[in-house]
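Quick notes on the structure that follows.
As the structure is a computational prediction, the values presented were derived from the model and not from experiment. For the numbers below, each heavy atom of this structure counts, side chains included, while hydrogens, waters and symmetry mates do not. To find a chain, count down the sequence lines: A is the first, B the second, and so on, and within it residues start at 1.
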Amino acid sequence: MALSSSVRVRFAPSPTGHLHVGNARTTLFNWLFARQKGGTMVLRIEDTDVGRSEARFEDQLIADLKWLGLDWEEGPDVGGEYGPYRQSDRLPIYREHAERLLSEHKAYLCFCTEEELQKERDRATAQHRQPIYSGKCRAIDPAEAQRRRAAGEQCAIRLRIPEHPIRFHDIVHGDVEFSNEVVSDPIILRSSGMPVYNYVVVIDDALMKITHVIRGDDHLSNTPKQVALYEALGWPVPEFAHLSTILGADRERLSKRHGATSIANFRDMGVLPEALVNYLALLGWAPTGGTREIFSSQELIKEFSLERVTPSPAVFDMEKLYWLNRHYIKESPPERIQKLALPYFSSLLGEFLSQQETNKSDSSEVPDVAKWFASVTQLLAPSVDRLDQLPVRASLIFNYDAKAALASPDNAEVLAWAHTDAVLARFAFKILEDESAREGKLTPEQFKKIVNEVKAETAAKGKELFHPIRIVVTGSHSGPEFDKLIPILEEGSRLPLPKHVLNVHQRVEQFAKARGK
RNA sequence: GGCGCUAUCGUCUAGGGGUUAGGACGGAAGAUUCUCAAUCUUCAAACCCGGGUUCGAUUCCCGGUAGCGCUACCA
């Protein structure tokens, strides 16, 4: 299939850890741009730092990107015509082009030792000068230099930086200019033969025909070196777009210290991918007009533009992410939420539900349990920031504790109300008497009828009536609607769950006992 | 230290030579529901400082300040 546009972008992470939100946002912007332009997305693994790179991190990276719904046409996992897509597999390419630059006198051999260079730098900083390379080896005759190298003398390859300022255009920042004096001839190939990052990135981007380099603005200061490299190599300079840094609440660069920062963290917390994508898109970008907040990926592809990306750094705001997450939780089909919620209930349900799921056809009870659990998540999910908070919310179903309810300071005020004793007494009496309740088959209608009778007999109404009853039934004076809760309690008590759910009758009984009246 | 980038409510942002400086999150108040949540309504909340250009600057220019980044034979 012919692509309608020649736009090619890349995401080039180092496999040194989990995918970070900053990198995720960079990938997202690349992806949105590529998808909008009908371009090609390339995934390239920058694993030249062999010490820190690990293969398992590459798999995680790919899994995290896919979870976000991002995809690519070329990469180590899918191949492509500009491979290999792992830098560790491209070493010969880097050497070849370095030698080419050398033979064209665009680069030269440097015989300075690390100690010499370090001393030079120290001297410069002590004198408050820019710590740049003196250019000592620039003057060595190339033929002489080759002889010394052939004789086995250790040397690195340095790029010759031109004697004029380096200018380039950045889509986010506009025109940027650096004096050539601050760049200094950078090493492109170490004496060990290993190439340097700022060099390989140019070779790869050029050879992979990348048209738009969209990356973090920590690379902005590296860009003049890279532009000089493109020019030395005789290759076209791509468009640049440098994205601002994501900061923590203290305005420092976002790090583990700030809590959840990896995509895996958010996934484990029960943040939905579409919420994260939507939030990340809003960090540093806003649509025309700037009033819309909710965007699906498809809508983002349509609306996104690099020109509207803000150059200033953005503070990551967990509360706004939660707001979007709550929105998407409510929008999601209940079956999806139920499925996603399941892992968080392993301590309450054990392997029970997942086991039941696998052999559902041969037991009649199974659909009941699944259905029951679905109604539990449906009841609780709308009030939660993230799915991992569900089990705590569910404690009113699973962990009824009459003594704790009576002792709770939250309940003290309600328990002291004038009507409370009467309400409690009449309610307990009626529930304990009720035949259906005793069997755990109380319906919301019967429950309502009992409540109404209590109301008539005690003259308590509104909160005076409901708060004490809530405390008896759930342990707390506030919570979900009784109409939905009663069936969950009653049905739950009849199911063979690993953690038994008390029905209304049992709760009233325990409460009465705990109260000693 | 040098160089670079950045600067609108607490936060994310819209806007732009003359505006009641708009929206969202969060906050506050009210409505509603038995309660909480949700929902709806309302409110508070900002152009970093100093010069210049201009009839007029938050907006354009310069300087300062602050934050961040880069200053490696790290990526």
Sequence neighbours excluded and cut-off under 3.5 Å, please list the side-chain donor-acceptor pairs for residues 481-489 of chain A, or say none.
none

Problem set entry | Selected nucleotide, minimal atom distance to A/Asn222 side chain, candidates B/G23, B/C70, B/C73 | B/C70
Exercise. OP1 or OP2 of B/C73 sitting under 4.0 Å from any side-chain N/O of A/Arg121?
Worked result: yes
For this session: Just jot down the side-chain contact (heavy atoms from CB on, under 4.5 Å) partners of A/Glu181, sequence neighbours excluded, or say none.
Result: A/Ser179
Exercise. Looking only at side-chain N and O atoms, does A/Arg308 come under 4.0 Å of OP1 or OP2 in B/G15?
Worked result: yes
For this session: Going by the side-chain contact (heavy atoms from CB on, under 4.5 Å) test, name the single residue among A/Thr377, A/Asn325, A/Ile329 that passes it with A/Val384.
Result: A/Ile329
Exercise. Excluding sequence neighbours, so at least two apart, what forms side-chain contact (heavy atoms from CB on, under 4.5 Å) with A/Arg148?
Worked result: A/Phe111, A/Ile140, A/Glu144, A/Glu153
Exercise. Does any donor-acceptor pair link the side chain of A/Ser191 with the base of B/C73 at a separation under 3.5 Å?
Worked result: yes
Exercise. Counting only side-chain N and O atoms of A/Arg292, is one of them less than 4.0 Å from OP1 or OP2 of B/A24?
Worked result: no
Problem set entry | Nucleotide of B/C3, B/U11, B/C73 approaching A/Arg251 most closely (side-chain heavy atoms) | B/U11
For this session: Report the residues that fulfil ring-ring contact (aromatic ring centres under 6.0 Å, His included) with A/Phe240, sequence neighbours left out, ordered by chain and then residue number.
Result: A/Phe168, A/His242
Table of protein N/O atoms under 3.5 Å from nucleotides 45-50 of chain B N/O atoms:
none

For this session: Look at the side chain of A/Phe178 and decide which nucleotide, out of B/C12, B/G69, B/C3, has an atom nearest to it.
Result: B/C3
Problem set entry | Reading 5' to 3' through nucleotides 26-39 of chain B, protein heavy-atom contacts under 4.0 Å coded B for base, S for sugar-phosphate only, - for none | S-------BBBSS-
Exercise. What integer number of Å spans the C1' atoms of B/A21 and B/A57?
Worked result: 14 Å
Exercise. Which nucleotide in the list B/C12, B/A14, B/C3 gets nearest to the side chain of A/Thr310?
Worked result: B/A14
For this session: Could you check whether A/Ser312 gets within reach of a base, just the sugar-phosphate, or nothing at all, counting any heavy atom under 4.0 Å?
Result: sugar-phosphate
Problem set entry | Watson-Crick or G-U wobble partner of B/G50, both distances under 3.5 Å | B/C62
Exercise. Mind checking whether A/Trp323 and A/Tyr328 have ring centres under 6.0 Å apart?
Worked result: no
